[in-house]
Amino acid sequence: MNKVELLAPAGDLKRLKTAVNFGADAVYLGGKSYSLRARASNFQRQDIIDAVNYAHAHHKKVFVTINMIFHEEDLEGLRAYLIDLDEIGVDAIIVASYYVVKLALEVTQSMEIHLSTQLSATNAHALTFYKKLGADRVVLARECSLVDVQQINAKQILPTEVFIHGGMCANISGRCTLSNYMTYRDANRGGCAQSCRWKYEVYDQDQQKFKETATLFSMSSKDLNATPILKELLEAKVASLKIEGRMKSEYYLATVVSAYRMLIDKMNTMNHADLVEQVNHELSKAEGRETFTGFYERVPDAGGHLYEANGAGVMQVFLGVVLGFDAQTSMATMQVRNHFDVGTTIEIFGPKHENFTADVTTIIDSEGEIVQRVYKPMEIIQIKLPFSVDAGDFIRKVNA
Ligand code: SF4
């Protein structure tokens, strides 16, 4: 099998470091302009420099998305931006406009050009065309089946990248104007308001439908989870496995990236069914919607939709981040994210060790007082632990 790249999203520098530390081979991010996640906490110029420096110091790559659909008014400053990204040392740009490809080929020296899933590449002929255009990689459409991926890759035209986890559009990616219609926010210029996930009353002419259901109607898709067919994607020799979610939390990233890292790394060393079950147990600890395998196994039917719910369940299991550990006192310093008490069973997970569990026996708050409970987000506290932990480890509640 090939050495596949695990590609993670990052909404800011902190999340980029989390993705790198927890096992991503490359991270993609958006600058303040030209990206499809205008509302993510995107990167300023200095953040991109810091991101590239951090990633390269860890032998990882940074890709920058420039994947909006450009109108005339959006083009100002694009040339200078491309030159700047190239000089900063960004490894690749992800683009959805032929003009951006042309311009990048003219003005940049070393950045690769990856074509975004927004271009809906679903067949090998499209890749042949994109190769002639000058692309180095193509992100296949999320609407590709596993057979499509296998057949496209068998022709070895260009390296391909496929989505493996995260949100899906109810409409064909990049062909949706729901948000434009409902909110005047253009989904293809970074403004998607996730209108498909709102709750609606449904009418046929003047007749209201589905009145008997307990909740209103949503068009939301379930999220993608490709763990059941990841082995086949690797055998198809995809170059990169992409996790969706530049708006997601650092806890979500740490959990999902480390779970897929385990799946890739242990693919040939343990029973496959057991491994997939273990990985999904880990994934279930991240907040998220119900999942399915997207278009990989079949064209989604009603089972791929969340008709009566829209929610990405926000879980309260993420308790905080370890900042340090004093071996003399066995006290870990941590920054709190969610409330917990003495007696809470916690699990500590990090990139350098197996997961540990322990019961909280002692909490010292930021005033130096022994307390029974912490509840202030971002408070720096100390807890006693029966084992050594590392700065950057994450702490979550067990059986929340
Ligand atoms: S409204 Fe929904 S289907 Fe449309 S672009 Fe946004 S997430 Fe995708």
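Keep in mind the model is a prediction, meaning the values are calculated, not measured. Every number for a ligand or one of its atoms is a count from 1 in the order of the listing. The residues of the chain are indexed from 1 along the displayed sequence.
At a heavy-atom distance under 4.0 Å, only side-chain atoms of Cys192, from C-beta outward, approach ligand 1.
The only option from Leu82, Val64, Ile49 that meets the side-chain contact (heavy atoms from CB on, under 4.5 Å) definition with Val90 turns out to be Val64. Of the candidates Lys60, His56, His114, Asp91 forms a side chain to side chain donor-acceptor pair (under 3.5 Å) with just one, namely His56.
For atom 2 (Fe) of ligand 1, the closest heavy atom belonging to the protein is Cys196 SG, 2.3 Å. Distance from atom 4 (Fe) of ligand 1 to its nearest protein heavy atom, with residue and atom name: Cys176 SG, 2.2 Å. The protein atom (non-hydrogen) at minimum distance from atom 8 (Fe) of ligand 1 is Cys169 SG, 2.3 Å.
The atoms of ligand 1 that sit less than 4.0 Å from any heavy atom of Asn171 are 3 (S). Atoms of ligand 1 lying under 4.0 Å from any heavy atom of Ser195, numbered from 1 in the order shown and given with element: 1 (S). The contact set between ligand 1 and Ala170, taken as ligand atoms under 4.0 Å from a residue heavy atom, comprises 3 (S).
Remark: aromatic rings of Phe129 and His125 are distant, center separation not under 6.0 Å.
A cation-pi geometry, defined here as NZ or CZ lying under 6.0 Å from the six-membered ring centre and within 45° of its normal, holds between Arg396 and Phe349. Cation-pi geometry between Arg337 and Phe318 is not satisfied (NZ or CZ under 6.0 Å from the ring centre, within 45° of the ring normal).
To the nearest 0.5 Å, atoms OH (Tyr375) and CZ (Arg373) are separated by 8.0 Å.
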